[in-house]
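Notes follow the structure.
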Amino acid sequence: PYAALSGILQIILSLVGMLLLVRYLSPDDFAAWTVMSGFGAPLIFLTAFGFRHSLVRFMPALKEKQPRARFLWRVLIRRGFWLILASGVLYASFPLYAGRLGIENQIRVFEVLLGSFFLMACNQYLVVGLNVAFRQREVLIGNLVLQALWVAGVLAGMEWQEDLFFFGAWQAICQSV
C-alpha cells in the first residue's frame, strides 16, 4: 500500500506543481523550462542501464545489513560517476545546441538543473534500493516531503514573482532534501 500510495501522491502533487508553473511562467519561459527539464530523463535513463535489475536480483541474496548497504552504495557511487560524466558532456556541448533550442540565454538555469538532475537520479536509485529492502514507508515519506516542498516553492516563487533560476534552484534544493 505504501508503494501504491507513494506513486499516486507523487503524480498528483507533481501535476499540481507543474500546473501552477504553467499558469505562472510566460510561454517562452515555460518552453525553456520544458526543454531544459527534458534533458533529465534521457540523462537518468542512459546512466541507469541494469541498475534496477541488479538491485532486484542481488539485494535479496545479501542477508546481512552491512553487505547490503555496501552493495547499494557501490552501485550508487558508480551511477553517480556516470551521471557526472554525462552531465559534463551535456554542459560542455550546451553552446552547440542551445541556439537551436532557444535556450542560449538560460545557461545559469541549465547549470542548476544539471545539479538537480544528478540529485534526482541519485534519489531514484536510492528509492529502488529502499523498495528492494522493503522500506516503502520511507519512500512514501520522502516522496511526500519532496513534492510538498516543490509545490510550496512554486507557490512562493509565484508570490515573489521569481524567474526560472529560482525554480531551478528550488528543484535542486527539493531533490537534496
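Model, not experiment: these values are computed from the prediction. Index from 1, following the sequence.
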Say whether V154 and I11 are linked into one hydrophobic cluster, either directly or through other cluster members, by side-chain heavy-atom distances under 4.5 angstrom. no
Are V145 and M18 co-members of a hydrophobic cluster defined by side-chain heavy atoms under 4.5 Å apart? yes
Any side chain to side chain donor-acceptor pair (under 3.5 Å) involving residues 167-177? Give me the pairs, sequence neighbours left out, ordered by first then second residue. S116-Q171, N123-Q175
Could you go through residues 98-105 and list every donor-acceptor pair under 3.5 Å that involves a side-chain atom there, pairing it with any protein atom two or more places apart or in another chain?
none

Going by salt bridge (charged side-chain N to carboxylate O under 4.0 Å, His left out), name the pairs with one or both residues in residues 21-45, residues two or more places apart or in two chains. none
State, to 0.1 Å, how close Q106 and L164 come at their nearest heavy-atom pair, and which atoms those are. OE1-CD1, 3.8 Å
Kindly compute the distance separating CG (L130) from CD (Q136), expressed to the nearest 0.5 Å. 8.5 Å
Taken in chain and number order and not counting sequence neighbours, the residues that satisfy ring pair (Phe, Tyr, Trp, His ring centres under 6.0 Å) with F118 are none
Show the atom names and distances, to 0.1 Å, of all donor-acceptor pairs under 3.5 Å that link a side chain in residues 35-45 to residues at least two apart or in another chain.
unit_1	atom_1	unit_2	atom_2	d
S37	OG	W33	O	2.8
S37	OG	W33	NE1	3.4

For L15, the other hydrophobic cluster members (4.5 Å side-chain criterion, sorted by chain and number) are L19
Only counting residues at least two apart or in another chain, list the ones meeting side-chain contact (heavy atoms from CB on, under 4.5 Å) with L9. L5, L140, L144
Please find the pair of heavy atoms, one from A148 and one from L13, that lie closest to each other, and give the distance. N-CD1, 4.2 Å
Let me have the donor-acceptor pairs involving side chains of residues 74-92, under 3.5 Å, with sequence neighbours excluded, atom names and distances please.
unit_1	atom_1	unit_2	atom_2	d
R79	NH1	T47	O	3.1
R79	NH2	F49	O	2.9
S87	OG	L83	O	2.8
Y91	OH	E111	OE2	2.7

ILVMFWY cluster, I107 and F117 together (side-chain gap under 4.5 Å): yes
Taking atom CZ of R137 as the centre, report whether more than 12 heavy atoms of other residues, nucleotides or ligands fall under 6.0 Å from it. no
Once side chain to side chain donor-acceptor pair (under 3.5 Å) is applied, do any residues pair with Q147, and if so which ones, sequence neighbours excluded? none
Among residues two or more places apart or on two chains, list those pairs meeting side chain to side chain donor-acceptor pair (under 3.5 Å) that have a residue in residues 148-169. none
When you group the ILVMFWY residues by side-chain heavy-atom contacts below 4.5 Å and let the links chain together, are F166 and V22 in the same group? yes
Sequence neighbours left out, what pairs pass salt bridge (charged side-chain N to carboxylate O under 4.0 Å, His left out) with at least one residue falling in residues 138-150? R135-E138
For V112, check side-chain contact (heavy atoms from CB on, under 4.5 Å) against everything at least two apart and list the hits. F165, A169, A172
The residue among L146, L119, L149 that forms side-chain contact (heavy atoms from CB on, under 4.5 Å) with V177 is L149
Rounded to the nearest 0.5 Å, what separates atom OG in S26 from atom CZ in F30? 10.5 Å
Centroid-to-centroid, F167 to Y24, below 6.0 Å? yes
